[in-house]
2 protein chains.
Amino acid sequence: MAPTTPRPPTMRDVARTAGVSTATVSRYVNGLQRFTEATEARLREAIDQLGFTVDPVARSMITGRTHTVAVVILDIRNPHFTGIVKGANRKAQQLGYNLLFVDTGERQSAEAGMLRELSRRVDGLIVSSRMPDADLSTLRDLDKPVVFFGRASQVGVHSVSADGRSAAAMLGRHLIDLGHRRIAYLGYGAARWDAERKAGLTDALREAGLEPMFFSADSPTLEAGEKSVGEVLMGSARPDAVVCYNDMLALGFMKQAQAAGVRVPEQVSVAGFDDIPFARFSTPTLTTVDMQSEAMGELALERLIELIDGTLDASEEMLKPRLVLRQSTAAKVRT
Amino acid sequence: MAPTTPRPPTMRDVARTAGVSTATVSRYVNGLQRFTEATEARLREAIDQLGFTVDPVARSMITGRTHTVAVVILDIRNPHFTGIVKGANRKAQQLGYNLLFVDTGERQSAEAGMLRELSRRVDGLIVSSRMPDADLSTLRDLDKPVVFFGRASQVGVHSVSADGRSAAAMLGRHLIDLGHRRIAYLGYGAARWDAERKAGLTDALREAGLEPMFFSADSPTLEAGEKSVGEVLMGSARPDAVVCYNDMLALGFMKQAQAAGVRVPEQVSVAGFDDIPFARFSTPTLTTVDMQSEAMGELALERLIELIDGTLDASEEMLKPRLVLRQSTAAKVRT
DNA sequence: TTGTACGCGTTATCAC
DNA sequence: GTGATAACGCGTACAA
């Protein structure tokens, strides 16, 4: 039923029953100084007799701090973002902050307005977005500390990321070492990290005198991975190996390739990015690069709090990816 | 850098530049009445000249509404909860509400205190918890509307769920129809839904004059599924089919069973609950029951808002699960 | 239709 | 160490 909302006790109530002023109650609950035995006892008793707790809204009103930060991500169903949120949540609990969660996945149109609205409710924001670099100034104009996933220091916004270029280069060298020569990249152009992964792969191949073949999916999902098999594998020049933009694409791709009668890794090697939990449970298990999703979430939150506390200037921070070799990449079997 | 926080314009600022009173500004931004052409024009201009937006904190102070609801879940890495959050997020955006997200996974000890603290920042809460039924009154004592995932109407708390008992019975009958007789349940006792799934499976088996074999995992995860294979399959009496508490357990179990040389479904059928996205991409694809995670999230949020608005009384609501047949269950091959 | 004035619950700034 | 009291920014009687 709709509760009869018995208004919670206020500081005035406590002050009255303890026979002190509200200022004293405030100082007590905030632990700002010491009190005489007598008043402290009376305060303690009054507070837990009435079951008083401070109203954080009223407190925010005067301090200007909400102890809440926003986490804005693209799609919580993507385990990469799940990891980020998990990490941010953990750090937030440690530091006594709350998380205002927004999944923008379904309508990214009204993003600017939403960020502006959000920013009034929080002390700072962690943002993952596909907004074009040109619009990044939007983030600075929020006049609240922001940690962005992707380069943004040119507009004075702190950023956190994993080194996608070197990650992709690692994958590329690994595939070359296995003897592959026809290596494809199945990208997702709308994603912020697509360009650098593409570039890293290209770096590695060029060193070996090779050029990647390029394909692109229309979303970074399992389903899009399935759908891309036709284009990538059924053309005249089938690649030996396919590097996918992320693990979701890779898992979908691998599954459908097998369904189409193509053996992985015997006929084609497949790899992805992120090292999502399921990468270890597919058949074959998936070679990938751990992009440190959870660590990124933790780091982002930690840095955001430092920005809020004013103990940090904007900068860029990059985590080191880790190559994870599994069964989906192997030397090609000549038939 | 830490922004120099130029205080945002207030209603007083708008009132002054528009030459009206703050009350008029308030009425205008809340669209409560009509104005003369002249004042409306001056208001409009003053507002977007100053870039004024109302301070939601100050507004909450007076209205007692934060337009924020808490979503408290056990582990965002479990796709079941991911779905719930996705659904809740969608509905929240539609209804103009914000989501305060909490993943309690790592420390569920301080839960009661956390809920109490949270409740002061929000208009209502959506809660998934392993708290014992005896502690459910905690939720009512928050004096804020709550929607709980699981039966709780005995303490006057609205609840939403999917019918696990009939879901499990459906799976049971399916396995019996396939000719299986030695059917096992790999449960996870700490989970709220474990008992009813167990009961539903037992219902179905008893109708056929059978009794399930019981095993239990120590967490509802991929890893725990892997670890359970030894106990379940390597005993003296190997089951024909294994129903797992959820898809995560099932996928982990299936993978490790295969690694141990047991063929699925030829030697043992495997099924789970939730129909997580990856269930369609494992090898073999996983038979499961769609427990409507996303719909549960949407429904929970919708009902919560109704409770907040006082247009709904506490009750229990149950969604209908849907059996999803895939490759992991099949008639056993006699060898 | 518009203005005046008060209150929401807390913290900060002075006095004492 | 403690108490008055003025903010914080907004909504809303009540009066005009």
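Predicted, not measured: the structure shown is a model, and the values here were computed from it.
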Checklist entry - Starting at OH of B/Tyr28 and ending at P of D/dT12, how long is that distance when rounded to a whole Å? => result 18 Å
Next on the checklist: I need the full list of salt bridge (charged side-chain N to carboxylate O under 4.0 Å, His left out) pairs touching residues 14-36 of chain A, with sequence neighbours left out, sorted by first then second residue.
Outcome noted: A/Asp13-A/Arg16
Checklist outcome for this item: For residues 74-86 of chain B, the salt bridge (charged side-chain N to carboxylate O under 4.0 Å, His left out) pairs (sequence neighbours left out) are A/Asp75-B/Lys86, A/Lys86-B/Asp75, A/Asp103-B/Lys86, A/Glu294-B/Arg77, B/Asp75-B/Arg77
Next on the checklist: Of the options C/dT11, C/dA5, C/dT1, whose atoms approach the side-chain atoms of A/Met11 most closely?
Outcome noted: C/dT11
Checklist entry - Should the ring pair A/Tyr97 and A/His67 be called parallel, tilted or perpendicular, given that the plane angle runs from 0 to 90° and is split at 30 and 60? => result parallel
Checklist entry - Which whole-number value in Å describes the distance from A/Asp13 CG to C/dC8 P? => result 11 Å
Checklist entry - Expressed in angstrom and rounded to an integer, what is the separation of A/Arg120 atom CZ from D/dG9 atom C1'? => result 9 Å
Checklist entry - Taking only side-chain nitrogens and oxygens of B/Thr24, does any of them come within less than 4.0 Å of OP1 or OP2 of C/dT2? => result no
Checklist entry - D/dC8 phosphate, OP1 or OP2: any side-chain N/O from B/Arg7 under 4.0 angstrom? => result no
Checklist entry - Among all residues two or more places apart in sequence or in another chain, which pass the side chain to side chain contact (heavy atoms under 4.5 Å, CB included) test with B/Gln49? => result none
Next on the checklist: List the residues meeting side chain to side chain contact (heavy atoms under 4.5 Å, CB included) with B/Ala190, not counting sequence neighbours, and say none if there are none.
Outcome noted: B/Arg130, B/Tyr188
Checklist entry - Excluding sequence neighbours, so at least two apart, what forms side chain to side chain contact (heavy atoms under 4.5 Å, CB included) with A/Met114? => result A/Val72, A/Val102, A/Thr104, A/Leu118
Next on the checklist: Taking salt bridge (Lys or Arg N to Asp or Glu O under 4.0 Å) as the definition, give me every residue that meets it alongside A/Glu117, ordered by chain and number, with sequence neighbours left out.
Outcome noted: none
Item to check | Which residues share a side chain to side chain contact (heavy atoms under 4.5 Å, CB included) with A/Ser129, sequence neighbours left out | outcome: A/Glu111, A/Val127, A/Met131, A/Phe148
Checklist entry - Any side-chain heavy-atom pair from A/Thr24 and A/Phe35 closer than 4.5 angstrom? => result yes
Item to check | Bending between helix ends of the helix from C/dT1-D/dA16 to C/dC16-D/dG1 [5 pairs per end, 10° resolution] | outcome: 30°
Checklist entry - Which residues satisfy the side-chain hydrogen bond (donor to acceptor under 3.5 Å, both in side chains) test with B/Asp194, sequence neighbours excluded? => result B/Tyr185
Checklist entry - Does A/Thr10 place a side-chain N or O at less than 4.0 Å from the phosphate oxygens OP1/OP2 of C/dG9? => result no
Next on the checklist: If the condition is side-chain hydrogen bond (donor to acceptor under 3.5 Å, both in side chains), which residues does A/Thr221 pass it with, not counting sequence neighbours?
Outcome noted: A/Ser219
Checklist entry - When we call it a touch if two heavy atoms are under 4.0 Å apart, what does B/Val25 touch: a base, just sugar-phosphate, or nothing? => result nothing
Checklist entry - To the side chain of A/Arg12, which of C/dG9, C/dG3, D/dG9 is closest? => result C/dG9
Checklist entry - With the threshold set at 4.0 Å, does a side-chain nitrogen-carboxylate oxygen contact exist between B/Arg116 and B/Asp143? => result no
Next on the checklist: Check this one for me: any side-chain N or O of A/Thr36 less than 4.0 Å away from OP1 or OP2 of D/dT2?
Outcome noted: yes
Using the 3.5 Å cut-off, write out each protein N or O paired with an N or O of nucleotides 13-16 of chain D and the distance between them.
{"from": "D/dA13", "atom 1": "N6", "to": "B/Arg27", "atom 2": "NH2", "distance (Å)": "3.2"}

Checklist outcome for this item: In whole angstroms, the gap separating P of C/dT11 from CG of A/Leu32 amounts to 9 Å
Next on the checklist: Of the listed nucleotides (C/dG9, D/dG11, D/dT5), which one gets closest to any side-chain atom of B/Ser26?
Outcome noted: D/dG11
Next on the checklist: Please report the distance, rounded to the nearest Å, between CG in A/Asn30 and P in D/dT2.
Outcome noted: 15 Å
Item to check | Positions of residues 38-65 of chain B (non-hydrogen atom under 4.0 Å from DNA chain C), listed by number | outcome: B/Thr39, B/Met61, B/Ile62
